[in-house]
Amino acid sequence: MKIGTPKEIFEGERRVAMTPDSAAALQKLGHECVVETGAGAEAGFADADYKAAGVEVVKTAAALWKAADVVAKVRAPDATEMKRLREGQTLISFFSPVADEKKMESAAKKGATVVAMEMIPRISRAQKMDALSSMANIAGYRAVIEAGNNFGRFFTGQITAAGKVPPAKVLVVGAGVAGLAAIGTSTSLGAITYAFDVRPEVAEQVESMGAEFVYLDFEEEQQDGSSSGGYASVSSPEFREAQLAKFRELAPEVDIVITTALIPNREAPELWTEDMVKSMKPGSVIVDLAAEKGGNCKLTVADEKIVTDNGVTIIGYTDFPSRMATQSSSLYATNIRHLMTDLTPEKDGVINHDMEDDVIRGATIAHAQEVTFPPPPPKVAAIAAAPKKEAAKELTPEEKRAAETAAFKAQTKNQVTLLAIGGALILLAGLYTPASFMQHFIVFVLSVFIGFQVIWGVAHSLHTPLMAVTNAISSIVILGALIQIGSTSGIITFLSIFGVFMASINIFGGFLVTRRMLAMFQKS
């Protein structure tokens, strides 16, 4: 089948849904690839790069829509592109099925299949196709960069001859994918970073990244605030009031606020009110990543940057991933390539749209002349609860002593038995072997016994360095092998050479392994 990618016609959109690298991977699945001329130019991918990857380049969008069996793009199709969609064709893109219900119904009526990338279910198997997470990761990173570009001071604190510069204080509201990316970027730049989320389970993730989690003095906070899809759920009015009270307390202290709270197919909740903005210091910055759905800040204007009367900059851009078009395109194209891998299980260039597959079914909003949105919940296999182990009975001091005594007696009995058997075998060997052999054999047995007792008492974590050193030291046996090399017996000479070879491996290998292990604990 032919997979085509047109040039994005949404104003300001610089991303492209197919890169030369992803096209090469798609061709390995048996597909042919075609792009509209200039489709990847703004993302840094020239037509020549596509041609070098074996991709056909066509001059017009109309020609591409006509030739392609599968159309992969970034933004939802506009009215013109919807007219070009035909029966039997598959469209893969962001779509917004709730907002674009008429378009979805139109596609179903035509007999086309539509796969909405934002509807990929958030289950482990689908992570490689999760375009929302890919783009959110970039948006979170870029939000911090945009904030720094509009902030009048350093992120990190500095003490210079010219004076002291305090570190910036950053508050990230929402610790999802975008929020965690923003936290990581902010802390790496040296800012004091705070983060809040209604899901208490993300507190450990936030703190592990060097930020401070903002807790509320509210009982409901300890409840699970996440929905089944991995997103935050809607909070109760009481929780919301406690949340806003905490934000009002923090507003005069923080320099930068990055809001990321957004639930798919819902308007963004208002979390940063007008009075909070007024209480912030002049020069502060708010970056609202939910601007496309109304914004988390009351004063946010979508696709614009405004400065309030008290000098607070509010950034409401909705194209953060597009501002890093090369990186965004590479990740998005990889998401689509993984989706196509699932759609082409036989790698024969034929799409098998398996509606029994949780991932494919969840992302498909129109198929076989039917609207298939909303999808059923994923069939997640329930893990059988392990039977609870009975609590161990607490022993009295007398019972503990009795148990310890019994264990010691059993261990002693085993040791005595082994020593008796070993002694009997040595005695038996002494009856039939020369005295010179027995002298060396007894030394060998004692060495093995002592070595075993020494190694057995060492912690497991130290076994590797211990064995490495002992291998090197014990290879003093190389001297015996060297002495025997001059023997008149060919067999003894051969065995001596072999012994020198094996002992040399122990010597050099032992010290090499020890050196490498010690290097692990040295600061670079």
Side-chain angles (χ1 to χ4, degrees), residues 136-175 177-197 202-215 246-260 271-272 275-289 291 296-297 299-300 304-317 319-321 323-327 519-524:
N137 181 33
I138 293 173
Y141 171 86
R142 184 70 187 197
V144 177
I145 302 302
E146 291 288 344
N149 189 43
N150 288 274
F151 185 56
R153 292 194 284 107
F154 298 132
F155 269 67
T156 184
Q158 291 190 8
I159 300 176
T160 69
K164 181 180 178 182
V165 180
K169 291 184 178 180
V170 178
L171 172 64
V172 179
V173 180
V177 177
L180 291 174
I183 291 166
T185 308
S186 176
T187 54
S188 67
L189 289 174
I192 298 174
T193 307
Y194 304 94
F196 173 81
D197 198 283
V202 305
E204 290 184 4
Q205 299 178 47
V206 168
E207 291 166 357
S208 70
M209 298 179 75
E212 180 181 334
F213 191 78
V214 176
Y215 291 95
K246 188 65 176 180
F247 290 164
R248 288 190 180 94
E249 178 186 330
L250 293 172
E253 300 179 15
V254 295
D255 301 299
I256 295 170
V257 177
I258 298 173
T259 62
T260 70
L271 301 177
W272 208 258
D275 64 298
M276 295 178 195
V277 177
K278 290 180 178 179
S279 67
M280 295 178 73
K281 294 173 287 189
S284 299
V285 180
I286 299 173
V287 183
D288 195 340
L289 291 180
N296 295 137
C297 176
L299 302 180
T300 298
E304 290 186 21
K305 178 178 73 174
I306 64 171
V307 180
T308 64
D309 293 337
N310 63 321
V312 177
T313 301
I314 303 176
I315 300 172
Y317 300 149
D319 62 344
F320 286 107
R323 289 169 182 259
M324 301 182 69
T326 303
Q327 183 72 76
M520 293 170 60
F521 300 95
Q522 293 176 351
K523 292 184 178 180
S524 55

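What you are looking at is a predicted structure, and each value in this text was computed from that prediction instead of being measured.
The CD1 atom of Ile314 lies 4.5 Å from the CG atom of Leu299; values are rounded to the nearest 0.5 Å. A distance of 4.0 Å separates NZ in Lys246 from CD in Glu249, rounded to the nearest 0.5 Å. Between atom CG of residue Asp288 and atom SG of residue Cys297 there is a gap of 6.0 Å, rounded to the nearest 0.5 Å.
Two residues are said to be in side-chain contact when any heavy atoms from C-beta on lie closer than 4.5 Å; Val206 and Phe196 fail this criterion. Side-chain contact between Phe155 and Val170 is present, with heavy atoms from C-beta onward closer than 4.5 Å.
Residues forming a side chain to side chain contact (heavy atoms under 4.5 Å, CB included) with Thr260 (at least two apart in sequence, or on another chain): Ala178, Ile258, Leu289. Under the side chain to side chain donor-acceptor pair (under 3.5 Å) criterion, Glu212 pairs with no residue, sequence neighbours left out. Evaluation of the side chain to side chain donor-acceptor pair (under 3.5 Å) rule for Ser284 yields no partner, not counting sequence neighbours. Every residue was checked against the ring pair (Phe, Tyr, Trp, His ring centres under 6.0 Å) condition with Tyr194, not counting sequence neighbours, and none meets it. Here Asp319 pairs with Arg323 under the salt bridge (charged side-chain N to carboxylate O under 4.0 Å, His left out) rule; sequence neighbours left out. Annotation: side chain to side chain contact (heavy atoms under 4.5 Å, CB included) contacts of Ala251 (sequence neighbours excluded): Trp272, Met276, Ser279, Met280. Judged as a side chain to side chain donor-acceptor pair (under 3.5 Å), and not counting sequence neighbours, the contacts of Ser186 are Thr193. Qualifying side chain to side chain contact (heavy atoms under 4.5 Å, CB included) partners for Met209, counting only residues two or more places apart in sequence or in other chains: Leu180, Ile183.
Of all heavy-atom pairs between Ala211 and Thr187, the closest is N-CG2, 4.2 Å. Contact record, Ile256 with Ala147: CG2-CB, 3.8 Å, taken as the closest heavy-atom pair. When all heavy atoms are compared, the tightest approach of Thr185 to Ser188 is O-OG, 2.7 Å. The shortest heavy-atom contact between Asp197 and Ala175 is OD2-N, 2.6 Å. Heavy-atom minimum distance, Gly283 versus Phe151: O-CD1, 3.6 Å. Across all non-hydrogen atoms, the minimal contact from Ala291 to Gly316 is CB-O, 3.3 Å.
Among Val254, Ile315, Val277, the one residue that satisfies the side chain to side chain contact (heavy atoms under 4.5 Å, CB included) test with Ile286 is Val277.
Sorted by first and then second residue, the side chain to side chain donor-acceptor pair (under 3.5 Å) pairs with a member in residues 152-162 read Arg153-Asp255; sequence neighbours excluded. The salt bridge (charged side-chain N to carboxylate O under 4.0 Å, His left out) pairs that include a residue from residues 154-171 number zero, where partners must be two or more places apart or lie in different chains. Annotation: side chain to side chain donor-acceptor pair (under 3.5 Å) contacts involving residues 304-314, sequence neighbours excluded, comprise Asn150-Lys305, Thr308-Asn310.
For Lys278, the NZ atom counts as loosely surrounded, since its 6.0 Å shell holds 12 or fewer non-hydrogen atoms of other residues, nucleotides or ligands. Dense packing is recorded around CZ of Phe247, with more than 12 heavy atoms of other residues, nucleotides or ligands lying under 6.0 Å away.
Between Phe320 and Tyr317, the ring-plane angle classifies as tilted under the 30° and 60° cut-offs.
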